[in-house]
Amino acid sequence: MTIRRAIDEARALLDEVISHHYGLKDIAYDVAEPKEEQYGDLYSNLAFQLSKLLRKSPSAIAEEVCSACTKIIAKYRMIREVEPHSAGYINFRLDMHELARITLEEVKSKGKAYGSRDIGKGKRVLIEHTSVNPNKALHIGHVRNLVLGDTIYRILRFTNHNVVVLNYVDDSGLQVADIVVGFKFLNFPQNGSKKFDHYCGDDVYVKVNEMYEHDRSLLERRREVLKAMEDYNSDIARFAREVTSRVLDEQLKTCWRLNARYDCLNFESQIIASRLWDRALSILRASGIVKMDDNPSSKYYGCLVVKAGVEGEEKVLVRSDGTATYIAKDIPYAMWKLGILEDPFKYVKYTEQPDGTVLWATSLDHDGSSLHINGADIAITVIDVRQSRLQRIITKILSMLGSDDGRYRHLPYEVVALSSSTARLFNIEIGDRRFAHMKGREGIYINADDMLDRLHTKAYEEVKVRNPEADEQWLHRTAESIAVAAMRYSMLKQDLDKIITFDIEDALNLQGESGQYIQYAYARASRILEKASSIVVRARKEEGEGKEGVRVGVGEGEGVGEGADIDIDTSSTHLLGKDEMVLVKAIARFDLMVEDTVKSLNPKTLARYCYSLAMIFNEFYEKVPVLHEQDTNLVKARLSLVKAFMYTMSNCMSLLGIDALERM
RNA sequence: GGGCCCGUAGCUCAGCAUGGAUAGAGUGCCUGCCUUCUAAGCAGGUGGUCGUGGGAUCGAAGCCCACCGGGCCCGCCA
């Protein structure tokens, strides 16, 4: 938060020089942190930007600017020096004591809100993620979707967006029909020995698809099932809802396990039954966006067609037999999200989630609650990049209906694939390729629960060694948090447009850049404060209340006592040295990272920041003694810094959905 | 055939939006460091024609063009 203030000051200083010394204004230039410490605390590329205009070399301009700056620098509290670099950069040195003081003060006053800014102004955002077909368990590809969506939800909520999270349940699609065929026509038992979603996905779905290969008549069965499911009140439709809701309930357990939560489930069967499509269609017809193709020689003769792609690409919405296509189901849903269509739904409580919030579900019953779910300022749909074309068409249709650009936003991301060595475990030989795609129908994927279990087991062993006296419940809770952190971080750290090549061995390696590294840094900090407070308590008991010379004199009179915490005290921050300042600066740029992430909707930025913050703390931890320092005031200052780190880290981890553990 | 994306160290990836300072991490491999706040850590070493070629620029990993290699999308399937 305070790096931002320093940047603002540096800009103000440079602007003053630009206008007074050169008589110029509105020059575009950057002020940012350099990648290396030797180049100062901030740098600007102003001299490069001015060099064409002034027809002088960047380094000459840098020198001029710096000497002009130096004359008026006294006004600017945070900036201590401005010096030119021969390459042409203008480098700033900050008053680090001032930076440390105001940073710690800000962390102290904001606490859990540290790093938050009012970016959203209360804007209503609807975000849809997860949306896994309810015929199988989540695999690691779905996990990427969920983790991205849930993290963006957390970050938007933190920056004052009014966010509603949707999970779309396609309970009337082809994949559900596949398992219905299995249960109704192939006599698969309706209870497997494993978790029901795993059973349906790993066994029923895969085997039914195998059988299609040998028995083409089964495809006819599937068509019948699909048709029957369209009638909301048919026996098949009822049965399908029964099965899908059992699968869904198991899927939700996995989602919650991953620290995700939702506000509302939207069932496709209900969207269809609500006649939302008819109303959407009449709007589309009235606005002339869709047209009946009446040219007998056209390939789309008799179809209702939309022209919405690039280069006038056409897309069929209603077939010549009057049935709607796949994309036609998405259009009314998207219109509903933005409030273009009036809400036909009532809402019922589906269940209470582990975080205590209510999960609602759409309902067609008249006695449900009328909530205000739809009608958002912005609707974000998290779906992988393969859906980009369809999503672009939907976006185009919405903009033709007059919705402002950017209100409907597809967040595309690349898929998760298997590394060559992991692929080999599935007996896939991929030659010299670097990865192999997962295939649901062929059973080639890694289930989320299975991977979490393996991570859990691995973490459990390690935690047990480190905490031999701890009880089982605590050990498992801790191992679970570590497993989830590992999973979430591995999905977040990579850029959205890169395929994640998932390697089981790599994922199980508990070293290096990972979720547990982040948790470890926090746990180390936490132990310092824990010991500090027990020292304070002991010292007080031994020496009596109010006596001077208490070994660790922090937070006198406030929050010190049995089990009490250490609070941030900024009276001694001037004692902090160079090694501590690296950590101060890292803490001070948290909000810049948050803002960056909101703008790009790419959580990678924040994930990597969180890792770098952990790394910087670990360096601090090795280099700088806190409790073993002799100078009581310096101990106080360092403890305050550790505490500030913990607030920042905890806020950042919470945005990533990673549990902050006091001990591990 | 058309469209989108990727290509940086043995491997997995940052950096590219907005060109500028000796191209960075993790992992792997090799060395050190637990009688001091948790060694899931830290320090050091190893490792790079930034896919190739051209162009504009004082200056390119980044911008433009072409090509090569890989992936995805393009149905009256869902």
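Scope of the values below: all heavy atoms of this structure, side chains included, with no hydrogens, waters or symmetry mates. The structure displayed is predicted, hence computed values, not measured ones. Just so it is clear: chains get the letters A, B, ... in the order the sequence lines come, proteins before strands, and each one is counted from 1.
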Discussion item. Using a 4.0 Å heavy-atom cut-off, does A:K329 contact any base of the nucleic acid, only the sugar-phosphate backbone, or nothing at all?
Written reply: sugar-phosphate
Item to complete: With heavy atoms under 4.0 Å as the rule, sort A:Y301 into base, sugar-phosphate or nothing.
Response: base
Worksheet item: Paired with B:U12: which nucleotide, if any, by Watson-Crick or G-U wobble criteria at under 3.5 Å for both distances?
Response: B:A25
Worksheet item: Base, sugar-phosphate, or nothing for A:E622, non-hydrogen atoms under 4.0 angstrom?
Response: base
Discussion item. So, OP1 or OP2 of B:A21: does either fall under 4.0 Å of a side-chain N or O from A:S59?
Written reply: no
Practice prompt. Remember a base hit wins even if backbone is also touched, and classify A:V305 as base, sugar-phosphate or nothing at under 4.0 Å, heavy atoms.
Written response: nothing
Worksheet item: Any idea if B:C34 is syn or anti, going by the 90°-from-0 cut?
Response: syn
Discussion item. Measuring to OP1 and OP2 of B:A14, would you say a side-chain N or O of A:K35 lies under 4.0 angstrom away?
Written reply: no
Worksheet item: Counting any heavy atom closer than 4.0 Å, what does A:Q519 reach on the DNA or RNA strands: base, sugar-phosphate only, or nothing?
Response: nothing
Item to complete: Would you classify A:D495 as touching base, sugar-phosphate or nothing, given that sugar-phosphate means primed atoms plus P, OP1 and OP2, and contacts are heavy atoms under 4.0 Å?
Response: sugar-phosphate
Item to complete: State plainly whether the residues A:E662 and A:R527 are in salt-bridge range, i.e. N to O under 4.0 Å.
Response: no
Worksheet item: Within the pair A:Y300 and B:C76, is there a side-chain N or O less than 4.0 Å away from OP1 or OP2?
Response: yes
Discussion item. With a cut-off of less than 4.0 Å, is there a side-chain N or O of A:R386 near OP1 or OP2 of B:G71?
Written reply: no
Discussion item. Measuring to OP1 and OP2 of B:A39, would you say a side-chain N or O of A:R524 lies under 4.0 angstrom away?
Written reply: yes
Practice prompt. Go through the steps for A:E83 and A:F92 under the test side chain to side chain contact (heavy atoms under 4.5 Å, CB included), then give the verdict.
Written response: CA-CA 6 Å; A:E83 53 194 16; A:F92 298 81; over 6 Å; no
Worksheet item: So what does A:V318 hit on the nucleic acid, given a heavy-atom distance under 4.0 Å: a base, only sugar-phosphate, or nothing?
Response: nothing
Practice prompt. Compute both the distance and the angle, then confirm whether A:R221 meets the cation-pi test with A:Y212: under 6.0 Å from the six-membered ring centre, within 45 degrees of the axis.
Written response: no
Practice prompt. Classify the side chain of A:N45 versus the base of B:A21 as yes if they form a donor-acceptor pair under 3.5 Å and no if they do not.
Written response: no
Item to complete: Determine: side-chain N/O of A:Y413 to OP1/OP2 of B:C6, distance under 4.0 Å, yes or no.
Response: no
Discussion item. Please classify the nucleic acid contact of A:R663 as base, sugar-phosphate, or nothing, using heavy-atom distances under 4.0 Å.
Written reply: base
Practice prompt. Could you check whether A:P58 gets within reach of a base, just the sugar-phosphate, or nothing at all, counting any heavy atom under 4.0 Å?
Written response: nothing
Worksheet entry | Phosphate contact (B:A78 OP1 or OP2) by A:R319 side-chain N/O below 4.0 Å | yes
Practice prompt. Could you say whether A:R434 or A:N91 is positioned toward the 5' end of RNA chain B, judged by the nucleotide with the nearest heavy atom to each?
Written response: A:R434
Worksheet entry | Under 4.0 angstrom between A:K623 side-chain N/O and B:A43 OP1 or OP2 | no
Fill in: Any N/O donor-acceptor pair, A:R389 side-chain to B:C73 base, under 3.5 Å
yes
Worksheet item: With a non-hydrogen cut-off below 4.0 angstrom, is A:Q494 in contact with a base, only sugar-phosphate, or nothing?
Response: sugar-phosphate
Practice prompt. Any strand is fair game: report the nucleotide pairing with B:A43 by Watson-Crick or G-U wobble, both distances under 3.5 Å, or none.
Written response: B:U31
Worksheet item: Heavy atoms under 4.0 Å, any strand shown: does A:V385 hit a base, just sugar-phosphate, or nothing?
Response: nothing
Discussion item. Less than 4.0 angstrom between a side-chain N/O of A:H437 and OP1 or OP2 of B:G71, yes or no?
Written reply: no
Discussion item. Suppose we call a contact any N or O donor and acceptor under 3.5 Å apart; does that hold for the side chain of A:S320 and the base of B:C76?
Written reply: yes
Discussion item. Is a donor from one side chain sitting under 3.5 angstrom from an acceptor on the other, for A:E268 and A:Y168?
Written reply: yes
Fill in: Greater than 12 external heavy atoms within 6.0 Å of A:R441's CZ
no
Item to complete: Tell me what A:F48 touches on the nucleic acid: a base, only sugar-phosphate, or nothing, going by heavy atoms under 4.0 Å.
Response: base
Practice prompt. State the pairing partner of B:C4; accept Watson-Crick or G-U wobble contacts with both distances under 3.5 Å, and report none otherwise.
Written response: B:G71
Practice prompt. Looking at every strand, decide which applies to A:D321 at a 4.0 Å heavy-atom threshold: base, sugar-phosphate, or nothing.
Written response: nothing
Worksheet entry | Integer-rounded Å distance: B:G24 P and A:M615 CE | 14 Å
Worksheet item: Please walk me through it: do A:K578 and A:E37 pass side chain to side chain contact (heavy atoms under 4.5 Å, CB included)?
Response: CA-CA 11 Å; A:K578 215 178 140 211; A:E37 199 273 330; 4.3 Å; yes
Practice prompt. Using distance alone, with no hydrogens and no angle criterion, decide if A:S298 and A:D293 have a side-chain donor and acceptor under 3.5 Å apart.
Written response: yes
